2 protein chains.
Amino acid sequence: MTASGSTAREEAFEPQLVLERFLPYRLNVLASLTSNALAQIYAERFGLSIPAWRVVATLGQYDVRTARDIAAHGVMHKSTVSRAVSALEQRGLIQRRPNDEDRREAWLALTEEGRRIYESIVPEALGFESRVISVLTPQEQILFGNLVDRLTASARSLAPEGEVEA
Amino acid sequence: MTASGSTAREEAFEPQLVLERFLPYRLNVLASLTSNALAQIYAERFGLSIPAWRVVATLGQYDVRTARDIAAHGVMHKSTVSRAVSALEQRGLIQRRPNDEDRREAWLALTEEGRRIYESIVPEALGFESRVISVLTPQEQILFGNLVDRLTASARSLAPEGEVEA
DNA sequence: CGAGGGTGGTTGCGTTTGCAACCAATATGG
DNA sequence: CCATATTGGTTGCAAACGCAACCACCCTCG
């Protein structure tokens, strides 16, 4: 109807939303590229699923946590964490110790073997990360981290409460 | 064994990898926060799954594409796209027209109703996006987009070939 | 033109996922 | 204290997922 170009059948519209400039879309592409590439490392070499790796990574960093902590921290659904934890426990990579102060929950920690695996993965993970971000200058890297954090805070404040999983 | 703090059982280690500073982790958190929040809009209000929305968004922007194009563009597996397309076709939101030049593939386009839904979602999606990024100054927004693009290119070049889906 | 390889798209299958219902234990409030 | 709500964690189930096998078709090359 308007006088713009294109001999479209009837409507001549501008795209209303250009995906390549749409933030959620771009973030998703970038995040899945990095996640999938990383996943190959710990899946093929150590048989860890993504949730399992997240549990291991969290315990590697924090030593002792509950499943609930891990879920909240890693933006995962509690059932996802529960299953990852059982699998890891059965493989002897983490250990569960009841909390006598509150017998609903349990403390989780890496076993020695779990930590050994963690320590094998970490350098690879860090290496991968540094290869990815090497296209940015050091200042840009810092800046980017800063912007990501602020956006995350913003997104979190807009999310309709505990609505968040992986 | 070393003289550092903590009365840990035996080892006294530094965390080797701090998740809060680990890029793939942070990107995942941010991406799933935004994706999930967005998904609520088009899932609850229009009954669209994430892949379905991506198909609609792509066709909204490009008017006519093949399933293959959409998959490549949206970083989705071709079976995911195939199923989303069938569902959308059955709901009358998109239309399939055989390509006589190559009868393996088919041209896909939004129907009028499909476009109506697209046009209802877009303002909401853009509104959500702008609320999220409003914590950045305009220059920061541009800069962030630039950095994301460069990181994406970098990650893509490191990914072991067509290894990428949602 | 006919055989062999490659490509767009679909589908069966086993696995993973998220949701919701549930269990056990703790907190709260009459 | 007992009833009720809440919370950490598990599990059944249905839906969604990726993979690989597959079908139809195209393209090449002998």
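Note that the structure is predicted; figures quoted are calculated from it, not measured. Proteins get letters first, then strands, A, B, ... in listed order; numbering begins at 1 in each.
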Exercise. Do E113(B) and R91(B) come close enough that some side-chain heavy atom pair is under 4.5 Å?
Worked result: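 No, side chains not in contact.
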
Exercise. Any side-chain heavy atom of L108(A) sitting closer than 4.5 Å to one from L59(A)?
Worked result: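 Result yes, sub-4.5 Å side-chain heavy-atom pair found.
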
Integer-rounded Å distance: [N] [atom2] and [X] [atom1]:
X: N99(B); N: dC26(D); atom1: CG; atom2: P; result: 9 Å
X: R54(B); N: dC17(D); atom1: CZ; atom2: C1'; result: 13 Å
X: D100(B); N: dG8(C); atom1: CG; atom2: P; result: 18 Å
X: W107(B); N: dG8(C); atom1: CH2; atom2: P; result: 12 Å
X: R96(B); N: dG8(C); atom1: CZ; atom2: P; result: 16 Å
X: E105(A); N: dA24(C); atom1: CD; atom2: P; result: 18 Å
X: I70(A); N: dT7(D); atom1: CD1; atom2: P; result: 20 Å
X: I94(B); N: dG9(C); atom1: CD1; atom2: C1'; result: 13 Å

Problem set entry | Parallel, tilted or perpendicular: ring planes of Y62(A) versus H73(A), cut at 30 and 60 degrees |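 Answer is perpendicular, since the angle exceeds 60°.
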
For this session: Can you run down the salt bridge (charged side-chain N to carboxylate O under 4.0 Å, His left out) pairs that involve residues 64-76 of chain B, sequence neighbours left out, and say none if there aren't any?
Result: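 The answer is none; no pair qualifies.
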
Exercise. Any salt bridge (charged side-chain N to carboxylate O under 4.0 Å, His left out) pairs touching residues 125-142 of chain A, not counting sequence neighbours?
Worked result: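 Checked against salt bridge (charged side-chain N to carboxylate O under 4.0 Å, His left out) - neighbours excluded - the pairs reaching residues 125-142 of chain A are E140(A)-R150(B).
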
For this session: Could you tell me whether the phosphate oxygens of dG8(D), OP1 or OP2, come under 4.0 Å of any side-chain nitrogen or oxygen in R68(A)?
Result: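 Checking R68(A) against dG8(D): at least one side-chain N or O falls below 4.0 Å of OP1 or OP2.
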
Exercise. Within the pair T80(B) and dG18(D), is there a side-chain N or O less than 4.0 Å away from OP1 or OP2?
Worked result: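 For dG18(D), OP1/OP2 do have a side-chain N/O of T80(B) under 4.0 Å.
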
Exercise. Which part of the nucleic acid, if any, lies within contact of S49(B), taking any heavy atom under 4.0 Å across all strands shown: a base, the sugar-phosphate backbone alone, or nothing?
Worked result: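 Touches nothing.
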
Exercise. When all nucleic acid strands are considered with a 4.0 Å heavy-atom cut-off, which category describes S86(A): base, sugar-phosphate, or nothing?
Worked result: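 Answer is nothing: S86(A) stays at 4.0 Å or more from every strand.
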
Exercise. Which pairs, with at least one residue in residues 100-119 of chain A and sequence neighbours excluded, count as a ring pair (Phe, Tyr, Trp, His ring centres under 6.0 Å)?
Worked result: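 Every pair satisfying ring pair (Phe, Tyr, Trp, His ring centres under 6.0 Å) with a residue in residues 100-119 of chain A: there are none.
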
Exercise. Between P51(A) and D69(B), which is nearer to the 5' end of DNA chain C once each is assigned its nearest nucleotide?
Worked result: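 Comparing both residues, the 5'-ward one is D69(B).
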
Exercise. If you check the S82(B) side chain, which of dG6(C), dT11(C), dA25(C) turns out closest?
Worked result: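 Side chain of S82(B) sits closest to dT11(C).
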
Nucleotide N/O of nucleotides 20-22 of chain C paired with protein N/O under 3.5 Å:
none

With a 3.5 Å cut-off and sequence neighbours excluded, list the donor-acceptor pairs that the side chains of residues 41-48 of chain A form with protein atoms.
{"unit_1": "E44(A)", "atom_1": "OE2", "unit_2": "Q40(A)", "atom_2": "NE2", "d": "2.9"}
{"unit_1": "R45(A)", "atom_1": "NH2", "unit_2": "E124(A)", "atom_2": "OE1", "d": "3.2"}
{"unit_1": "R45(A)", "atom_1": "NH2", "unit_2": "E124(A)", "atom_2": "OE2", "d": "2.0"}

Exercise. Looking at residues at least two apart in the chain, or sitting in another chain, which of them share a side chain to side chain donor-acceptor pair (under 3.5 Å) with E89(B)?
Worked result: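 E89(B): side chain to side chain donor-acceptor pair (under 3.5 Å) contacts with R96(B).
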
For this session: Look at the side chain of R83(A) against the base of dG18(C) and say whether a donor-acceptor pair falls under 3.5 Å; ignore hydrogens and angles.
Result: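 Present.
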
For this session: Output all residues satisfying salt bridge (charged side-chain N to carboxylate O under 4.0 Å, His left out) with R103(A), sequence neighbours left out; order by chain, then residue number.
Result: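 Listed in chain order: nothing, the list is empty.
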
For this session: Applying salt bridge (charged side-chain N to carboxylate O under 4.0 Å, His left out), name anything that partners R26(A), two or more places apart in sequence or on another chain.
Result: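 Result, salt bridge (charged side-chain N to carboxylate O under 4.0 Å, His left out) vs R26(A): D149(B).
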
Which atom pairs link the protein and nucleotides 3-5 of chain C when you take only N or O atoms and keep those under 3.5 Å?
none

